[in-house]
2 protein chains.
Amino acid sequence: MARRNDHSRDEIKALALDAAEALLIEEGVAGVSARKVATRIGYTAGSLYQVFANLDDLYWQINLRTLKRLNSALLPRQSLGAAEQLAGLASDYVTFAKQHRALWSLLFEHRSASSCSMPEALSQQIEQLFQEIEVLLARLNPRADSEQVRCAARAVWGGVHGVAVLTLRDKLFLQQTTAEQAILASLIENFINGWQQESGHASTAAY
Amino acid sequence: MARRNDHSRDEIKALALDAAEALLIEEGVAGVSARKVATRIGYTAGSLYQVFANLDDLYWQINLRTLKRLNSALLPRQSLGAAEQLAGLASDYVTFAKQHRALWSLLFEHRSASSCSMPEALSQQIEQLFQEIEVLLARLNPRADSEQVRCAARAVWGGVHGVAVLTLRDKLFLQQTTAEQAILASLIENFINGWQQESGHASTAAY
DNA sequence: AACCTTAATTAAACATCGTTTAATTATCAA
DNA sequence: TTGATAATTAAACGATGTTTAATTAAGGTT
């Protein structure tokens with residue numbers, strides 16, 4: 001058969017992404033194959049290549065979707081103080097990771113073979129997140145210079161990310177299921193306490 | 001041909017692991033295939049299955065090696081104070097990750113399809129690392145109870161791990177190459193400062 | 001209506017993959 | 001010398017990502 005015109009290009013793209021996400025959730029990343037995705041939407045593997053450059057392209061587009069959802073899962077909480085906002089963001093982040101394990105894993109743990117560099121759209125979304133953190137940290141310690149704030153934002157967010165990673169991999173060896181929230185609280189609280197009393201001296205110790 | 005007896009079982013195992021590691025470093029995880037590994041050591045793909053249950057088994061054994069190397073890359077520094085020891089360990093950890101990108105990525109980012117649970121030997125090594133951290137943190141804040149220490153150890157080490165992950169993925173958007181050391185320093189220093197002044201009250205805030 | 005161009009869709013092919021199987025053959029014990 | 005054992009291989013199987021040529025429907029032009 002040929003030229004069915006059942007769906008527009010964009011429709012097929014959306015259908016394929018939906019099917020791939022479902023497959024990803026059901027069977028994990030290993031379960032996502034061109035043939036399976038295509039079959040689910042009533043097409044053939046070859047058709048996908050009219051809409052995606054390759055499977056990595058499809059993965060990146062799923063990641064873009066995931067990152068958008070993640071951004072909208074990070075609630076504002078503007079009524080609270082900066083410390084509570086930061087803790088809330090961290091909690092939201094890890095909660096999202098737990099709720100969308102498969103999508104989150106693809107976003108952060110999938111090695112793409114072909115185009116090793118991240119698409120521009122993805123980078124921008126991440127950088128935007130960093131800037132939110134920087135604003136909060138600057139408010140918590142107005143004495144810190146911009147370079148310190150940059151460092152601290154990456155430190156604390158790397159930390160939150162690390163807790164999320166290890167939680168999803170069960171590499172924290174926790175008893176309770178909800179314990180990662182206590183760990184997050186420890187991370188944020190202690191970091192902020194230290195950050196608020198940080199003096200202006202640049203701390204570049206070498207080990 | 002058959003029954004060459006050129007090498008013992010253990011020798012073949014070691015040869016295969018060496019070849020697989022080299023392949024991993026040269027071409028990334030996608031470049032490691034049963035046929036390629038076998039060819040490199042002068043055998044055939046089928047022979048590997050006499051020594052490994054499957055490729056995931058081979059991956060786990062590489063990971064076990066990597067973890068041992070990582071452990072011996074974490075230098076003691078017993079002459080220094082607890083804070084400096086912790087910072088040193090963190091620095092060693094990220095340095096190791098950068099120096100052994102491919103091996104490190106396999107250890108922490110490879111999703112194994114078949115046996116999803118981690119082998120016992122791996123878990124033990126990780127738990128041992130956590131306990132070192134706990135000792136140092138307990139020394140830094142003797143007022144903290146054991147549950148707080150457990151949380152803090154996982155928080156700070158999750159944090160270090162997260163910085164390592166994001167560094168290797170270039171998702172921290174850093175200018176300088178050495179900047180991740182500054183970030184690590186910020187993480188450790190601020191966390192420890194907060195941790196040392198932490199009072200005994202349990203902090204279980206919900207967001 | 002008839003024709004032609006265009007573009008979507010498919011089936012088939014290709015190389016590769018992990019893994020299993022049967023066949024081969026070297027080694028060792030009797 | 002024979003026979004059992006075990007290592008090794010070649011070949012097969014199903015599945016993968018991707019490309020290719022062939023098909024055929026749709027849309028515009030006469």
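Per chain, numbering begins at 1; letters A, B, ... match sequence-line order.
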| request: Scan A:Leu48 against the nucleic acid and name what it touches under 4.0 Å (heavy atoms): base, sugar-phosphate only, or nothing. | output: nothing
Practice item. Report the relative orientation of the aromatic rings in A:Tyr93 and A:Trp104; use parallel for angles under 30°, tilted for 30 to 60°, perpendicular for over 60°. Key: perpendicular
B:Arg4 has its side chain closest, among C:dT9, D:dT9, C:dT19, to D:dT9
| Can you check whether B:Leu140's main-chain N or O pairs, donor with acceptor, with B:Trp195's side chain at less than 3.5 Å? | no
Item to check | Touch class at under 4.0 angstrom, heavy-atom based, for A:Val32 against every strand present | outcome: sugar-phosphate
Taking C:dG18, D:dT18, C:dT9 as options, the one with an atom nearest any side-chain atom of A:Ala34 is D:dT18
A:Glu11 CD to C:dA8 P, in whole Å, measures 13 Å
Separation of D:dT19 atom C1' from A:Arg35 atom CZ, nearest Å, is 12 Å
Atom NZ of B:Lys13 and atom C1' of D:dA7 are separated, to the nearest Å, by 16 Å
Of A:His7 and B:Gly31, the one whose closest nucleotide on DNA chain C sits nearer the 5' end is A:His7
Reckon B:Tyr43 has a side-chain N or O less than 4.0 Å from the OP1 or OP2 of D:dT8? yes
Taken to the nearest whole Å, CD1/B:Ile41 to P/D:dA7 is 15 Å
### Query
Counting just side-chain N and O atoms, does A:Ser47 come under 4.0 Å of either OP1 or OP2 of C:dT10?
yes
The nucleotide from C:dC17, C:dA8, D:dT18 with an atom nearest the side chain of A:Tyr49 is D:dT18
A:Arg9 has its side chain closest, among C:dT10, C:dA8, D:dT8, to C:dA8
When rounded to whole Å, the CG to P distance for the pair B:Leu23 and C:dC17 reads 10 Å
note: A:Leu55, atom CG; C:dT16, atom P; distance rounded to Å ~ 18 Å
Interatomic distance, OH@B:Tyr43 vs CG@B:Leu15, rounded to 0.5 Å, equals 7.5 Å
Note to self: Please classify the nucleic acid contact of B:Ile12 as base, sugar-phosphate, or nothing, using heavy-atom distances under 4.0 Å.
What the structure shows: sugar-phosphate
Review point. Side chains of A:Ser186 and B:Gln148: donor-acceptor distance under 3.5 Å anywhere?
Key: no
In whole angstroms, the gap separating P of D:dT19 from CG of A:Asp57 amounts to 12 Å
Salt bridge between A:Lys36 and A:Glu26, side-chain N to carboxylate O under 4.0 Å?
-> no
Here the distance between atom C1' of C:dA26 and atom CD of B:Gln50, to the nearest Å, is 14 Å
Of C:dC28, C:dT19, C:dT10, the nucleotide closest to the side chain of A:Thr44 is C:dT10
Look at all strands and tell whether A:Ser33 reaches a base, only sugar-phosphate, or nothing, counting heavy atoms closer than 4.0 Å.
sugar-phosphate
